[in-house]
Amino acid sequence: MKRRNFIKFSATLALLFSSNVAIARTISKEKLVILDEIFNIIFPKTSTMPSAKEFKALNYLVQNISHKTFDDDDKVLIVDGTKDFSESFPEFLTLKDEEKKELIFRIIKNSSYAKSWISKLTYYGIEAMFSDPIYGGNFEQIGWNSVKHNIGYPRPLKTYGQKI
C-alpha cells in the first residue's frame, strides 16, 4: 500500500470512530476514501471557495447518513453507487488527480446511473458546505465565510429538532 493511501485510510478510520459508527457497517473504509476523493474532485479548492476536505463533506455525510431522517433512497444510491464504483474501477485510488477527474467525467458521460450518483453526492456536498456546522459540515463556518453569508439567528442548539 502506498504511503498516500495509508494516510487516507488512517484518516478515514479516525473519522469513523469519532462519528456515527452505524455507517461503518454500511460503507467500508476503502469506500469512504473513494467518497472523500470524489468529493474533493467535485469541490476542489479555488481562490474563493474551500475544498470538500476543508468544509468536511465526508464528515457531514457520515454523520447524517445513519440518521433516521436521512432519505432511504439516497442512502441506497450512495452506498450502492460507491460499491459499484469501487468494483468497476479498483485502480481509482492509485490514479493521479487529473486522471481521476477524467475517469469520473468519462463515466458520467456514459451512464445515467453514475450521473445520478454524482449528482446526489454534489447535493450533499453543497448541503455540507452551507448547513449549520452543528450537522457536521461547514467546518468553522468556512462555507458561509466564502460567500460572505450573514448567519441567521437563532442557530440550532441540537440536531434534527431534538428538544433542548
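Of the candidates Thr82, Thr122, Leu121, Leu121 is the only one forming a side-chain contact (heavy atoms from CB on, under 4.5 Å) with Ile38.
Gln63 and Gly136 make their closest contact through OE1-CA, 3.3 Å (heavy atoms, listed as atom of the first residue, atom of the second, distance).
In this structure a side-chain-to-backbone donor-acceptor pair under 3.5 Å is present from Asn40 to Asp36. The backbone N or O of Ile142 sits less than 3.5 Å from a side-chain atom of Asn138, completing a donor-acceptor pair.
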Glu30 and Leu93: CA distance, side-chain angles, deciding distance, side chain to side chain contact (heavy atoms under 4.5 Å, CB included) verdict: CA-CA 9 Å; Glu30 179 185 9; Leu93 291 175; 4.2 Å; yes
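Within the 4.5 Å cutoff, the side chain of Lys29 has no heavy atoms near those of the Val33 side chain. Phe130 places a side-chain heavy atom less than 4.5 Å from the side chain of Val147.
For an aromatic pair to be called close, the ring centres must be under 6.0 Å apart, and Phe70 with Tyr124 satisfies this.
Atom CG of Asp72 sits in a sparse spot, with 12 or fewer heavy atoms from other residues, nucleotides or ligands closer than 6.0 Å. Within 6.0 Å of the OH atom in Tyr113, the count of heavy atoms belonging to other residues, nucleotides or ligands exceeds 12.
With hydrogens and angles left out, the side-chain atoms of Asp74 and Tyr123 include no donor and acceptor closer than 3.5 Å.
Using a 30° and 60° split on the angle between ring planes, Trp144 and His149 fall in the tilted class, from 30° to 60°.
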